[in-house]
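One structure is given below, encoded as structure tokens.
It should be emphasised that the depicted structure is a prediction, and the values quoted were computed from it without experimental measurement. A, B, ... follow the sequence lines: proteins, then strands. Residue 1 opens every chain.
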Number of protein chains: 2
Amino acid sequence: MTATPAPAAEADWLRLDHQICFSLHAASRAFNGLYRVLLKDLGLTYPQYLVMLVLWEQGDLPVKKLGEHLRLDSGTLSPLVKRLEAAGLVRRERSTRDERSVEVRLTEEGAALRERALEVPRRIAAATGFDPHEIGELRERLDALTAALDAAALQEAPGCP
Amino acid sequence: MTATPAPAAEADWLRLDHQICFSLHAASRAFNGLYRVLLKDLGLTYPQYLVMLVLWEQGDLPVKKLGEHLRLDSGTLSPLVKRLEAAGLVRRERSTRDERSVEVRLTEEGAALRERALEVPRRIAAATGFDPHEIGELRERLDALTAALDAAALQEAPGCP
DNA sequence: CACAATTAAGTTGTGCACAACTCAATGACC
DNA sequence: GGTCATTGAGTTGTGCACAACTTAATTGTG
């Protein structure tokens, strides 16, 4: 034992941080990469696919609601949805009830694309090599992580009531 | 049992996919968001922090080696490293041994920043609410996932020997 | 030696994420 | 009813990720 308890421990923290944050970053990009390959045929990017998943599941939604489901703001969604519209998968229509709101509606083509998308999640699941139970467990872990991180970020934020 | 085994199961696949891919996407962005807050004082973005972590741990490295550690290509790293150079944290120097290669070297300022960065991983770990063992476990799971996804993406790729 | 293939950086173009902002519609309050 | 704060989309600017490409240096092979 030395007088200085553990000078290396500090570096170990940075090392651990390197490991965990890099692992998550890499996993996210790896997922993105595989989806990129699998979604190429459908002409969708990964975030566009997420939007389509929500629309297929929830039906037509205003941009605001889409953003709540996906935790994305209008700065991300506006151009993304415009690209989906350009691809003929959705229409954007001003709500008559509230003229601020824009409804995103699936076109026939957009609704039909769902059939072709059914194969994607199976292939993703197969690629992970995880069984459904493991996937579910990992998902829970990640959701807990997200919730904890969001709470912490709020606390760290400049003005935190 | 009906003649059609489970017509709803197809939709469930899309739903599960929605869950897991969204969870990972959200966790990655949540991490990014918290790092954004914690790194603001250091004047670093999250990917820039990753580069600095590698340099602090490994010492000066050519861009190529940096990319191997972080799985990033020159298209991402070149402008990023230039921004680090503009911030005075690194210098870029053509290798004399191999003029194709560019060595990224920490400046005094860049090396000194490490002291201030030591606090970051502790605060991140605290924010997750996970103990070191859980973090390690999650990391292993994510690394396994990344490896499986990378392998699958390779197999799916156009030309796969 | 010469010349083709490979390699390391860098560039260009597209799309996503997010902060900070504008603008118009809505709602609340006096 | 008029004013003002709030809300929903959208825009702008910065930075990251990645594909496709260019350029220059190096290596391999005849």
Please report, rounded to the nearest Å, how far the C1' atom of D:dA17 is from the OH atom of B:Tyr46.
14 Å

Starting at the 5' end of DNA chain D, which residue's closest nucleotide do you reach first, B:Gln48 or B:Arg97?
B:Gln48

Do the rings of B:Tyr35 and B:Tyr49 sit parallel, tilted or perpendicular, given the 30° and 60° boundaries?
tilted

Give the rounded distance in Å between these two atoms: CZ of A:Phe31 and P of D:dA17.
18 Å

May I have the distance from A:Glu93 (atom CD) to D:dG10 (atom P), rounded to whole angstrom?
13 Å

Between A:Leu72 (CG) and D:dA9 (C1'), how many Å, whole number?
15 Å

Sequence neighbours left out, what pairs pass salt bridge (charged side-chain N to carboxylate O under 4.0 Å, His left out) with at least one residue falling in residues 46-55 of chain A?
none

Once you round it to whole Å, what is the distance between C1' of C:dA17 and NE2 of A:His25?
12 Å

Considering only nitrogen or oxygen atoms on both sides, find all protein atoms under 3.5 Å from nucleotides 2-4 of chain C and state each distance.
none

Separation of C:dA19 atom P from B:Leu34 atom CG, nearest Å, is 13 Å

Measure the distance from CG on A:Leu80 to P on C:dT14 and round it to the nearest whole Å.
16 Å

What residues form a side-chain hydrogen bond (donor to acceptor under 3.5 Å, both in side chains) with B:Thr128, not counting sequence neighbours?
none

Determine, for nucleotides 6-12 of chain C in 5'-to-3' order, which nucleotides have protein heavy atoms under 4.0 Å from the base (write B), from only the sugar-phosphate (write S), or from neither (write -).
-BSBBB-

Neighbour count above 12 (heavy atom, 6.0 Å) for A:Glu68 CD:
yes

Rounded off to whole Å, could you give me the CG-to-P distance for the A:Leu84 and D:dG10 pair?
13 Å

Partners of B:Arg94 by side-chain hydrogen bond (donor to acceptor under 3.5 Å, both in side chains), sequence neighbours excluded?
none

I'd like to check the side-chain hydrogen bond (donor to acceptor under 3.5 Å, both in side chains) partners of A:Glu93; sequence neighbours left out, ordered by chain and number.
A:Arg91, A:Arg105

Which residue lies toward the 5' end of DNA chain C, A:Asp73 or A:Pro47, if each is placed at its nearest nucleotide?
A:Pro47

Ring centres under 6.0 Å, that's the criterion: do A:His25 and B:Phe31 meet it?
no

Are there over 12 heavy-atom neighbours, none belonging to A:Glu119, within less than 6.0 Å of that residue's CD?
no

Run through B:Val81, B:Leu61, B:Val54, B:Val51 and flag the one making a side-chain contact (heavy atoms from CB on, under 4.5 Å) with B:Val104.
B:Val81

